[in-house]
Amino acid sequence: MEGKAPKALLKAQKLANLLDTAVKLPFIPIRIGLDSIVGLIPGAGDALMLFVSLRIVWLGKSLGMPKALIAQMVKNSAIDFGLGFIPFVGDIVDIFYKANQKNVRIMERWWISENKHEVDEVTQKALSEWSAE
């Protein structure tokens, strides 16, 4: 594994960024993503975004994450989906409740805890090479 993040985690990170923070709104320090934009389409938009959000959960499952963490990720996605059905308020809340980012953070914390020794070795090697220059 060499202390490098697996492809599934990297894909989840990219997808979460696209869904939650891809676009910076002008004049205000808020970032939104496709989830907030597509979620404006009543019903179908939220359903589509739930399907895409569950792709991140599936990537976590493919890494072998424990069922309790997968359940927490599904809960985050379900909350985001449910909030989307509240007219107007749900769309505003969706800008701030970034379920996909939350799910990726769960994946990252789990992966780091499982691979701490390898990550530490790679970091020490990189620091040694950097200080030798």
Side-chain angles (χ1 to χ4, degrees):
M1 202 168 267
E2 300 178 21
K4 294 182 181 177
K7 287 183 181 180
L9 179 55
L10 296 174
K11 285 180 186 178
Q13 289 169 331
K14 286 180 183 176
L15 188 55
N17 288 336
L18 177 67
L19 293 174
D20 288 345
T21 60
V23 178
K24 184 188 179 310
L25 295 176
F27 309 113
I28 55 175
I30 297 174
R31 296 186 72 85
I32 63 170
L34 287 180
D35 188 25
S36 298
I37 297 166
V38 175
L40 293 172
I41 303 168
D46 293 312
L48 177 62
M49 290 298 95
L50 175 64
F51 179 73
V52 178
S53 181
L54 291 176
R55 169 80 170 136
I56 293 173
V57 176
W58 182 85
L59 288 166
K61 187 172 171 54
S62 75
L63 288 173
M65 289 179 65
K67 289 181 181 180
L69 294 179
I70 296 296
Q72 187 178 358
M73 292 170 68
V74 169
K75 182 180 105 178
N76 288 338
S77 295
I79 289 170
D80 189 41
F81 176 68
L83 290 171
F85 280 103
I86 303 169
F88 185 68
V89 174
D91 296 321
I92 300 298
V93 172
D94 193 40
I95 291 172
F96 299 100
Y97 186 79
K98 305 207 180 288
N100 302 300
Q101 293 285 322
K102 290 175 190 278
N103 288 343
V104 167
R105 297 302 169 255
I106 292 168
M107 291 174 69
E108 290 168 342
R109 283 192 299 271
W110 171 80
W111 187 82
I112 288 291
S113 71
E114 293 293 307
N115 297 281
K116 184 173 181 352
H117 181 70
E118 292 88 358
V119 171
D120 287 347
E121 283 181 2
V122 169
T123 302
Q124 287 296 36
K125 182 180 175 187
L127 284 173
S128 294
E129 290 171 2
W130 178 69
S131 63
E133 290 180 3

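Below, each value reflects all heavy atoms present in this structure, side chains not excepted, and no hydrogens, waters or symmetry copies. Quick note: residue numbers are just sequence positions, from 1.
With hydrophobic clusters built from ILVMFWY side chains whose heavy atoms lie under 4.5 angstrom apart, I92 shares a cluster with I28.
Put simply, the side chain of N100 does not reach to within 4.5 Å of the side chain of L15, judged on heavy atoms. Under the 4.5 Å side-chain criterion, counting only non-hydrogen atoms from C-beta, K125 is in contact with E129.
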Tell me which donor-acceptor pairs under 3.5 Å the side chains of residues 65-87 have, and how far apart each pair is, sequence neighbours excluded?
| residue | atom | partner | partner atom | Å |
| --- | --- | --- | --- | --- |
| N76 | OD1 | Y97 | OH | 3.3 |
| N76 | ND2 | N103 | OD1 | 2.9 |
| S77 | OG | S53 | OG | 2.8 |
| S77 | OG | M73 | O | 3.3 |
| S77 | OG | N103 | ND2 | 3.2 |

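E108 meets the side chain to side chain contact (heavy atoms under 4.5 Å, CB included) test with L9, Q13, V104, R105; sequence neighbours excluded. For I112, the side chain to side chain contact (heavy atoms under 4.5 Å, CB included) partners at least two apart in sequence or on another chain are V119. Qualifying side chain to side chain contact (heavy atoms under 4.5 Å, CB included) partners for N17, counting only residues two or more places apart in sequence or in other chains: T21, Q101. Considering only residues two or more places apart in sequence or on other chains, I32 meets the side chain to side chain contact (heavy atoms under 4.5 Å, CB included) condition with V23, L25, I30, S36, I37, I95. With sequence neighbours excluded, the residues that form a salt bridge (Lys or Arg N to Asp or Glu O under 4.0 Å) with K116 are D120.
Taking both residues in full, the closest heavy atoms of G64 and W110 are given as O-CZ2, 3.7 Å, listed atom of the first, atom of the second, then distance. Minimum interatomic distance between L63 and P6 (heavy atoms only, all atoms of both residues): CD2-CG, 3.6 Å.
Residue pairs meeting the ring pair (Phe, Tyr, Trp, His ring centres under 6.0 Å) criterion with at least one partner in residues 27-66, sequence neighbours excluded, do not occur; the list is empty.
Here the NZ atom belonging to K14 is positioned 12.5 Å from the CG atom belonging to L59, to the nearest 0.5 angstrom.
Side chain of D35 to main chain of M49: no donor-acceptor pair is present (N/O by atom type, distance under 3.5 Å, no hydrogens or angles).
The number of heavy-atom neighbours closer than 6.0 Å to NZ of K24, taken from other residues, nucleotides and ligands shown, is above 12.
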